[in-house]
Participant: 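Take this structure first; my questions come after.
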Amino acid sequence: GKLKVLSVRGLKPLYTNVSIYRYNTNERIYFDFTSRDEGEAVMKLPVGVYTVLVRDHNIKRKFPKVIIKENKTTKIHAKF
């Protein structure tokens, strides 16, 4: 499946870093950045449950239980 992350501050796209962890662990399995132009990142992930941390400098948005399904896109909207 896929994970689509959109980061915004107000109405403007935001460049943030995205860390993906195995659910209920501190094991980071993926790291990427949202784009500067659209504030988006799309990642292909195995089916499963993850914790996603989106960070803009010291401000964090945590999504503790993100479920990725076969042939589906899961969307996260991180507002700062």
Side-chain angles (χ1 to χ4, degrees):
K2 290 183 182 175
L3 173 65
K4 183 177 183 177
V5 177
L6 177 63
S7 293
V8 294
R9 178 178 288 128
L11 298 174
K12 294 187 177 183
L14 191 62
Y15 177 70
T16 56
N17 63 43
V18 179
S19 296
I20 300 174
Y21 298 86
R22 290 197 193 283
Y23 181 64
N24 268 345
T25 73
N26 289 324
E27 181 186 354
R28 186 168 70 182
I29 59 163
Y30 195 85
F31 180 81
D32 203 351
F33 292 91
T34 56
S35 71
R36 291 183 191 277
D37 294 337
E38 282 127 34
E40 275 186 11
V42 178
M43 294 139 271
K44 194 169 183 181
L45 297 168
V47 170
V49 182
Y50 302 91
T51 297
V52 180
L53 191 64
V54 184
R55 194 166 58 104
D56 175 36
H57 301 286
N58 292 326
I59 304 168
K60 298 176 185 175
R61 297 290 180 258
K62 186 175 183 179
F63 301 86
K65 192 174 183 181
V66 177
I67 300 169
I68 301 298
K69 297 180 180 174
E70 187 79 31
N71 297 322
K72 299 268 186 206
T73 300
T74 300
K75 295 177 184 174
I76 286 178
H77 198 138
K79 296 177 184 178
F80 290 88

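Just so it is clear, the values below take in all heavy atoms, side chains as well, and ignore hydrogens, waters and symmetry mates.
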Participant: Donor-acceptor pair, distance only, cut-off 3.5 Å: does the side chain of Thr73 make one with the backbone of Lys2?
Facilitator: no

Participant: Supply the atom-to-atom distance Thr51 OG1 to Asn24 CG, rounded to the nearest 0.5 angstrom.
Facilitator: 6.5 Å

Participant: What do you reckon, is CZ of Arg28 surrounded by more than 12 foreign heavy atoms closer than 6.0 Å?
Facilitator: yes

Participant: For the atom pair OG (Ser19) and CG (Asn26), what is the distance rounded to the nearest 0.5 Å?
Facilitator: 11.5 Å

Participant: Roughly how far, to the nearest 0.5 Å, is CD of Glu40 from OG1 of Thr16?
Facilitator: 11.0 Å

Participant: Using only atom types and a distance under 3.5 Å, with no angle test, would you say the side chain of Thr74 pairs donor to acceptor with the backbone of Ile67?
Facilitator: yes

Participant: Rounded to the nearest 0.5 Å, how far does NE2 of His77 lie from OG of Ser7?
Facilitator: 8.0 Å

Participant: Linking directly or through intermediates, with side-chain heavy atoms under 4.5 Å: list the remaining ILVMFWY members grouped with Phe31, chain and number order.
Facilitator: Tyr15, Phe33

Participant: Considering all heavy atoms of both residues, which atom of Gly39 and which atom of Pro13 are nearest to each other, and what is their separation?
Facilitator: N-CB, 3.5 Å

Participant: Any chance you could lay out the side chain to side chain contact (heavy atoms under 4.5 Å, CB included) test for Leu53 and Lys60, step after step, and finish with the verdict?
Facilitator: CA-CA 7 Å; Leu53 191 64; Lys60 298 176 185 175; 4.1 Å; yes

Participant: If I compare all heavy atoms of Val42 with all of Lys4, which pair ends up nearest, and what's the gap?
Facilitator: CG2-CG, 3.9 Å

Participant: Please write out which residues are connected to Val66 in a hydrophobic cluster, directly or through intermediates, given that two of Ile, Leu, Val, Met, Phe, Trp, Tyr count as joined at side-chain heavy-atom separations below 4.5 angstrom.
Facilitator: Leu3, Val5, Leu14, Val18, Ile20, Ile29, Tyr30, Met43, Leu45, Tyr50, Val52, Val54, Ile59, Phe63, Ile68, Ile76, Phe80

